[in-house]
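Remember, it's a predicted structure, so these values are computed and weren't measured experimentally. Lettering of chains follows the sequences in order, A, B, ..., and the numbering in each one begins at 1.
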Amino acid sequence: MSYWLLKTEPDEYSIDDIAKLDTFCWDEIRNYQARNFIRDQVSQGDLAFIYHSSCKQVGIAGVVEIITNGCIEQAQFNPQHAKFDPKSSQDKPKWYSFDIRFKQKFNQVIPLSWIKQQPELNDMVLIKQGRLSVQPVSEQQWQFITSRAK
DNA sequence: GCCAACGTTGGC
DNA sequence: GCCAACGTTGGC
(Lines give C-alpha, C1' and ligand atoms only; values in the text may rest on other atoms or scores of the structure.)
Protein backbone atom coordinates (compact mmCIF):
# COMPACT_ATOMS: atom_id res chain seq x y z
CA MET A 1 0.00 0.00 0.00
CA SER A 2 1.22 3.48 -0.90
CA TYR A 3 0.83 6.99 0.43
CA TRP A 4 0.18 10.12 -1.63
CA LEU A 5 -0.25 13.85 -1.38
CA LEU A 6 -2.96 15.54 -3.46
CA LYS A 7 -2.89 19.28 -4.02
CA THR A 8 -6.02 21.33 -4.36
CA GLU A 9 -6.96 24.97 -4.14
CA PRO A 10 -9.58 25.04 -1.39
CA ASP A 11 -11.44 27.87 -3.14
CA GLU A 12 -12.28 25.23 -5.74
CA TYR A 13 -12.29 21.96 -3.82
CA SER A 14 -11.46 21.78 -0.12
CA ILE A 15 -11.33 18.98 2.40
CA ASP A 16 -14.84 20.07 3.44
CA ASP A 17 -16.16 19.64 -0.09
CA ILE A 18 -14.68 16.15 -0.19
CA ALA A 19 -16.23 15.35 3.20
CA LYS A 20 -19.71 16.23 1.93
CA LEU A 21 -19.72 13.56 -0.75
CA ASP A 22 -19.66 9.79 -0.47
CA THR A 23 -17.06 9.58 -3.23
CA PHE A 24 -15.10 12.28 -4.97
CA CYS A 25 -13.46 11.91 -8.39
CA TRP A 26 -9.89 13.21 -8.56
CA ASP A 27 -9.74 14.22 -12.22
CA GLU A 28 -8.60 17.01 -14.57
CA ILE A 29 -4.93 16.31 -13.86
CA ARG A 30 -2.90 17.47 -16.89
CA ASN A 31 0.68 16.85 -15.91
CA TYR A 32 2.62 13.87 -17.24
CA GLN A 33 4.48 13.04 -14.06
CA ALA A 34 1.28 13.08 -12.03
CA ARG A 35 -0.46 11.12 -14.81
CA ASN A 36 2.17 8.40 -14.65
CA PHE A 37 1.70 8.02 -10.91
CA ILE A 38 -2.08 7.78 -11.35
CA ARG A 39 -1.95 5.37 -14.26
CA ASP A 40 0.80 3.10 -12.94
CA GLN A 41 0.79 3.25 -9.15
CA VAL A 42 -2.26 4.76 -7.48
CA SER A 43 -4.24 1.82 -6.08
CA GLN A 44 -7.43 1.06 -4.26
CA GLY A 45 -6.71 1.06 -0.53
CA ASP A 46 -3.92 3.67 -0.65
CA LEU A 47 -4.13 6.70 1.62
CA ALA A 48 -3.52 10.34 0.69
CA PHE A 49 -3.08 13.71 2.33
CA ILE A 50 -5.20 16.55 1.02
CA TYR A 51 -2.99 19.62 0.66
CA HIS A 52 -4.49 23.10 0.39
CA SER A 53 -2.47 25.37 -1.91
CA SER A 54 -2.75 29.02 -2.97
CA CYS A 55 -4.79 30.05 0.05
CA LYS A 56 -4.51 31.61 3.51
CA GLN A 57 -3.52 28.45 5.35
CA VAL A 58 -1.22 26.53 3.07
CA GLY A 59 -0.66 22.98 4.26
CA ILE A 60 -2.07 19.51 4.85
CA ALA A 61 -5.75 19.60 5.76
CA GLY A 62 -6.68 15.95 6.18
CA VAL A 63 -6.66 12.37 4.93
CA VAL A 64 -8.61 10.52 2.26
CA GLU A 65 -8.72 6.92 1.15
CA ILE A 66 -8.22 6.01 -2.47
CA ILE A 67 -11.05 3.72 -3.49
CA THR A 68 -10.22 2.90 -7.14
CA ASN A 69 -7.13 2.19 -9.16
CA GLY A 70 -6.21 4.67 -11.88
CA CYS A 71 -9.10 4.91 -14.39
CA ILE A 72 -9.45 6.53 -17.81
CA GLU A 73 -10.45 10.11 -17.20
CA GLN A 74 -13.68 11.26 -18.87
CA ALA A 75 -13.28 15.04 -19.23
CA GLN A 76 -10.58 14.56 -21.89
CA PHE A 77 -13.21 13.24 -24.34
CA ASN A 78 -15.79 15.97 -23.77
CA PRO A 79 -15.48 18.89 -26.23
CA GLN A 80 -17.60 21.06 -23.91
CA HIS A 81 -15.21 20.53 -21.03
CA ALA A 82 -12.42 22.97 -20.17
CA LYS A 83 -10.02 20.02 -19.91
CA PHE A 84 -11.00 18.52 -23.27
CA ASP A 85 -7.95 17.12 -25.05
CA PRO A 86 -8.34 16.79 -28.82
CA LYS A 87 -5.15 14.73 -28.99
CA SER A 88 -6.61 12.01 -26.79
CA SER A 89 -8.78 9.15 -28.04
CA GLN A 90 -10.73 6.25 -26.53
CA ASP A 91 -8.14 3.74 -27.85
CA LYS A 92 -5.23 5.82 -26.66
CA PRO A 93 -6.37 7.81 -23.65
CA LYS A 94 -3.83 10.29 -22.33
CA TRP A 95 -5.22 11.14 -18.90
CA TYR A 96 -6.26 9.18 -15.84
CA SER A 97 -8.27 9.76 -12.68
CA PHE A 98 -9.24 7.95 -9.50
CA ASP A 99 -11.90 8.13 -6.80
CA ILE A 100 -11.34 9.07 -3.19
CA ARG A 101 -13.39 9.00 0.01
CA PHE A 102 -13.07 11.37 2.95
CA LYS A 103 -11.43 9.88 6.01
CA GLN A 104 -10.29 12.62 8.38
CA LYS A 105 -10.04 16.39 8.68
CA PHE A 106 -7.27 17.66 10.93
CA ASN A 107 -8.37 20.13 13.61
CA GLN A 108 -5.61 22.39 12.38
CA VAL A 109 -4.03 22.50 8.96
CA ILE A 110 -0.44 21.30 9.19
CA PRO A 111 1.38 24.33 7.78
CA LEU A 112 3.89 24.13 4.97
CA SER A 113 6.13 26.36 7.08
CA TRP A 114 6.20 23.69 9.82
CA ILE A 115 6.86 20.91 7.31
CA LYS A 116 9.84 22.87 5.96
CA GLN A 117 11.32 23.09 9.46
CA GLN A 118 11.34 19.35 10.08
CA PRO A 119 14.63 17.63 9.15
CA GLU A 120 12.66 14.36 8.89
CA LEU A 121 10.62 15.86 6.06
CA ASN A 122 13.46 17.44 4.08
CA ASP A 123 13.11 14.86 1.34
CA MET A 124 9.39 15.32 0.76
CA VAL A 125 8.54 15.82 -2.89
CA LEU A 126 6.46 18.74 -1.68
CA ILE A 127 9.65 20.55 -0.69
CA LYS A 128 11.87 19.40 -3.51
CA GLN A 129 9.45 19.68 -6.39
CA GLY A 130 6.84 22.22 -5.49
CA ARG A 131 4.60 21.96 -8.50
CA LEU A 132 3.64 18.30 -8.67
CA SER A 133 -0.06 17.94 -7.86
CA VAL A 134 -0.12 14.16 -7.26
CA GLN A 135 3.00 13.02 -5.46
CA PRO A 136 4.22 10.06 -3.42
CA VAL A 137 4.80 10.27 0.33
CA SER A 138 7.10 7.74 2.01
CA GLU A 139 5.83 5.61 4.87
CA GLN A 140 8.26 7.33 7.25
CA GLN A 141 7.03 10.78 6.16
CA TRP A 142 3.43 9.63 6.49
CA GLN A 143 3.94 8.31 10.01
CA PHE A 144 5.88 11.39 11.09
CA ILE A 145 3.12 13.72 9.92
CA THR A 146 0.11 11.71 11.09
CA SER A 147 1.65 11.17 14.53
CA ARG A 148 1.73 14.94 14.98
CA ALA A 149 -1.65 15.73 13.48
CA LYS A 150 -4.71 16.43 15.61
C1' DG B 1 -0.52 40.86 -7.19
C1' DC B 2 4.37 39.71 -7.78
C1' DC B 3 7.53 36.78 -9.48
C1' DA B 4 10.56 32.54 -9.34
C1' DA B 5 10.49 27.98 -10.77
C1' DC B 6 9.32 24.91 -13.86
C1' DG B 7 6.43 22.52 -17.48
C1' DT B 8 4.94 22.84 -22.38
C1' DT B 9 5.03 24.36 -27.12
C1' DG B 10 6.77 24.97 -31.52
C1' DG B 11 10.21 26.76 -34.94
C1' DC B 12 14.32 25.45 -36.74
C1' DG C 1 16.27 17.16 -30.51
C1' DC C 2 17.51 21.84 -28.99
C1' DC C 3 16.07 25.77 -26.83
C1' DA C 4 13.64 30.28 -26.65
C1' DA C 5 9.23 31.88 -25.71
C1' DC C 6 5.40 31.33 -23.33
C1' DG C 7 2.04 29.72 -19.81
C1' DT C 8 1.04 27.97 -15.17
C1' DT C 9 1.75 27.04 -10.39
C1' DG C 10 1.94 28.46 -5.98
C1' DG C 11 4.39 30.71 -1.95
C1' DC C 12 4.75 34.99 -0.16
Side-chain angles (χ1 to χ4, degrees), chain A residues 2-21 24-42 46-66 69-100 102-138 140-150:
Chain A
S2 307
Y3 300 97
W4 304 95
L5 182 145
L6 310 177
K7 283 194 196 176
T8 179
E9 299 190 13
D11 291 346
E12 297 197 27
Y13 304 112
S14 73
I15 189 80
D16 294 321
D17 297 320
I18 296 165
K20 280 179 207 150
L21 298 170
F24 192 98
C25 184
W26 207 260
D27 58 3
E28 304 186 12
I29 303 292
R30 295 290 181 272
N31 167 285
Y32 286 106
Q33 246 187 303
R35 188 282 306 271
N36 292 346
F37 284 129
I38 298 170
R39 187 188 56 189
D40 305 335
Q41 295 186 45
V42 166
D46 290 352
L47 294 175
F49 289 132
I50 294 297
Y51 176 90
H52 284 176
S53 70
S54 300
C55 60
K56 269 192 176 166
Q57 283 194 298
V58 170
I60 298 172
V63 175
V64 297
E65 182 183 0
I66 290 166
N69 293 342
C71 312
I72 295 167
E73 198 245 14
Q74 291 309 305
Q76 65 189 315
F77 303 126
N78 178 0
Q80 313 305 326
H81 198 285
K83 298 285 182 170
F84 174 63
D85 187 343
K87 290 180 188 160
S88 188
S89 67
Q90 299 277 352
D91 335 339
K92 274 199 156 188
K94 276 175 69 181
W95 307 112
Y96 288 75
S97 63
F98 54 96
D99 287 355
I100 60 174
F102 173 79
K103 225 173 148 59
Q104 180 189 4
K105 179 184 176 180
F106 297 148
N107 289 335
Q108 289 148 4
V109 170
I110 298 175
L112 176 63
S113 57
W114 179 84
I115 293 170
K116 283 180 172 170
Q117 288 166 13
Q118 310 309 311
E120 292 87 345
L121 301 177
N122 273 349
D123 290 335
M124 278 193 83
V125 181
L126 186 67
I127 310 292
K128 296 187 137 178
Q129 197 183 340
R131 301 180 54 176
L132 190 57
S133 62
V134 175
Q135 54 175 263
V137 174
S138 76
Q140 290 81 354
Q141 291 159 355
W142 183 273
Q143 300 299 348
F144 185 86
I145 291 167
T146 50
S147 70
R148 280 157 184 81
K150 291 168 208 151

Could you run down the sub-3.5 Å N/O contacts of the protein with nucleotides 2-5 of chain C?
none

Identify each atom pair where a protein N or O and an N or O of nucleotides 9-12 of chain C are less than 3.5 Å apart, giving names and distance.
from   : atom 1 : to       : atom 2 : distance (Å)
C:dT9  : O4'    : A:Arg131 : NH2    : 3.1
C:dG10 : OP1    : A:Lys7   : NZ     : 3.0
C:dG10 : OP1    : A:Arg131 : O      : 3.4
C:dG11 : OP1    : A:Tyr51  : OH     : 2.6
C:dG11 : OP2    : A:Ser54  : N      : 3.1
C:dC12 : OP1    : A:Lys116 : NZ     : 2.9

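A:Tyr32 places its OH atom 13 Å from the P atom of B:dG7, with the value rounded to the nearest Å.
With hydrogens and angles disregarded, no donor-acceptor distance shorter than 3.5 Å links the side chain of A:Gln143 to the backbone of A:Gln140.
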Determine all donor-acceptor pairs shorter than 3.5 Å in which one atom belongs to a side chain in residues 108-128 of chain A; sequence neighbours excluded.
from     : atom 1 : to       : atom 2 : distance (Å)
A:Gln118 : NE2    : A:Trp114 : O      : 3.0

Steps toward side chain to side chain contact (heavy atoms under 4.5 Å, CB included) verdict (A:Tyr13, A:Trp26): CA-CA 10 Å; A:Tyr13 304 112; A:Trp26 207 260; 5.5 Å; no

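Considering OH of A:Tyr3 and OG1 of A:Thr146, their distance stands at 7.5 Å, rounded to 0.5 Å.
Within the structure, side-chain hydrogen bond (donor to acceptor under 3.5 Å, both in side chains) pairs that include any residue of residues 46-60 of chain A comprise A:Trp4-A:Asp46 (at least two apart or interchain). Sorted by first and then second residue, the pairs that involve residues 79-94 of chain A and meet side-chain hydrogen bond (donor to acceptor under 3.5 Å, both in side chains), not counting sequence neighbours, are A:Glu28-A:His81, A:Tyr32-A:Lys94, A:Gln76-A:Ser88, A:Asp85-A:Lys94, A:Asp85-A:Trp95.
Using a 4.5 Å heavy-atom cutoff, the side chains of A:Phe98 and A:Asp27 are not in contact. In this structure, the side chains of A:Ile66 and A:Leu47 stay at 4.5 Å or more apart for every pair of heavy atoms.
Overall bending of the helix from B:dG1-C:dC12 to B:dC12-C:dG1, expressed as the angle between end axes built from five pairs apiece, is 10° (10° steps).
Smallest separation of non-hydrogen atoms from A:Pro93 and A:Tyr96: CG-OH, 3.8 Å.
Annotation: cation-pi pair A:Arg39/A:Phe37 absent, no NZ/CZ under 6.0 Å from the ring centroid and within 45° of its normal.
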